[in-house]
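Every heavy atom of this structure was used, including side-chain atoms; hydrogens, water molecules and symmetry mates were not. Keep in mind the model is a prediction, meaning the values are calculated, not measured. Letters A, B, ... are given to chains in the order of the sequence lines, protein chains preceding strands, and every chain is numbered from 1.
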2 protein chains.
Amino acid sequence: MNTRGQQVQRDVLAILRRERAPLSAYKVLAEMRRATPKMAPTTIYRALAALIKAGRVHKLESLNAFIACRSGKQDHSAVLSICDECGQVEETAAPEVVEALSTLAGRSGFRPVRHVIELRGQCASCENEEVSP
Amino acid sequence: MNTRGQQVQRDVLAILRRERAPLSAYKVLAEMRRATPKMAPTTIYRALAALIKAGRVHKLESLNAFIACRSGKQDHSAVLSICDECGQVEETAAPEVVEALSTLAGRSGFRPVRHVIELRGQCASCENEEVSP
DNA sequence: TGCGTAATGTAATGTTATAACGTAGCAATC
DNA sequence: GATTGCTACGTTATAACATTACATTACGCA
């Protein structure tokens with residue numbers, strides 16, 4: 001069927017996988033333009049939207065950036081821990097926490113469809129560096 | 001001391017309080033410009049940053065918008081439930097959930113400094129409307 | 001009063017995201 | 001095999017969000 005866009009999606013995913021830190025949409029675009037100089041932002045955003053929908057990519061809302069999903073499946077219960085020093089992101093599955101959140105919010109009748117859970121701080125290795133002078 | 005900026009902060013906070021739905025920084029700016037036509041984006045962003053730091057305002061990261069904090073104190077454990085239909089936001093304090101998250105992330109050595117917890121979905125009244133034809 | 005410093009104003013620019021609209025490819029029906 | 005309609009895709013422009021850089025002002029204090 002739609003081979004054009006799917007190729008874009010594959011390429012975008014490959015670019016995101018190469019990095020361990022998140023990339024902005026425009027960084028991805030810059031990479032894509034090495035092969036396709038005229039590619040437009042819209043194309044990237046469409047590919048990213050499709051990849052997010054498929055659970056292959058996460059958007060880091062507090063960073064306006066994107067990262068390939070590392071954990072096995074489309075985990076809609078991911079907690080993303082973002083190191084503000086090195087920029088690396090760790091994914092943790094936390095279905096119980098998500099469950100607890102839904103329950104809590106549900107008390108007032110709110111029905112959650114998706115969630116954003118992001119922690120900002122320092123990863124283990126950056127924390128260690130700080131101590132040693 | 002710094003009466004100029006503090007006045008801006010008061011005005012921004014008053015504008016945010018008047019709305020129950022979140023406002024973007026530029027919406028706030030537009031309001032402020034009714035009295036001060038030359039006001040610049042920077043001024044708004046500085047005021048918002050100060051208000052956020054003081055725990056008087058929340059930034060909705062998944063929306064790039066801002067809302068006045070309703071619950072009593074600077075709650076750094078707030079869960080924000082955003083209705084995608086009417087735009088209204090509900091704040092819920094959830095210290096236990098935040099604690100659980102910190103613990104979970106801490107297992108790998110990550111040290112959280114702040115967190116973003118947002119739920120997207122439908123509030124009770126929008127949910128009800130949907131059922132009745 | 002004059003100096004140092006911190007807060008504020010101002011202009012320009014950078015970055016992120018979407019709207020609007022036209023086109024291409026494909027499938028179904030006739 | 002033309003016509004029609006659907007959906008994905010390309011293209012351009014622009015909207016929306018945010019920050020940098022530097023000038024200016026206010027204020028405490030010697």
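Using a 4.0 Å heavy-atom distance criterion, B:Lys59 is classed as a sugar-phosphate-only contact.
In terms of phosphate contacts, B:Asn64 brings a side-chain nitrogen or oxygen within less than 4.0 Å of OP1 or OP2 of D:dA18.
For A:Ile44 and D:dA8, the CD1 to P distance is 18 Å, given to the nearest whole Å. Across the protein-nucleic acid pair, A:Lys27 atom NZ and C:dT16 atom C1' stand 12 Å apart, rounded to whole Å. Remark: C1' of D:dC17 and CD1 of B:Ile52 are 13 Å apart, rounded to the nearest angstrom. Residue A:Gln6 contributes atom CD, which lies 14 Å from atom C1' of C:dC26 at whole-angstrom precision. What separates CG of B:Leu48 from P of D:dC17 is a distance of 12 Å, to the nearest Å. Rounded to an integer number of Å, the gap from A:Glu61 CD to D:dC17 P is 14 Å. With rounding to whole Å, A:Tyr45 atom OH is found 18 Å from C:dA20 atom P. Put simply, CG on A:Leu29 is 15 Å from C1' on C:dG14, counting in whole angstrom units.
In this structure, B:Phe66 is a member of the same hydrophobic cluster as B:Leu29, with clusters built from ILVMFWY side-chain heavy atoms closer than 4.5 Å. In the hydrophobic clustering of ILVMFWY residues, with side-chain heavy atoms under 4.5 Å counting as a link, B:Ile52 and A:Ile82 come out apart. No continuous path of ILVMFWY side-chain contacts below 4.5 Å connects A:Leu60 to A:Tyr26, so the two sit in separate hydrophobic clusters.
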### Step-by-step salt bridge (Lys or Arg N to Asp or Glu O under 4.0 Å) determination, B:Lys27 to B:Glu19
CA-CA 11 Å; B:Lys27 292 266 176 64; B:Glu19 308 282 332; over 6 Å; no

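In this structure, the side chain of B:Arg120 engages the main chain of B:Ser62 through a donor-acceptor pair within 3.5 Å. Formation of a donor-acceptor pair under 3.5 Å by the A:Gln122 side chain with backbone atoms of A:Glu85 is not found in this model.
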Are there any protein N/O atoms within less than 3.5 Å of an N/O atom in nucleotides 11-16 of chain D, and if so, which ones and at what distance?
unit_1: D:dT12; atom_1: O4; unit_2: A:Thr42; atom_2: OG1; d: 3.1

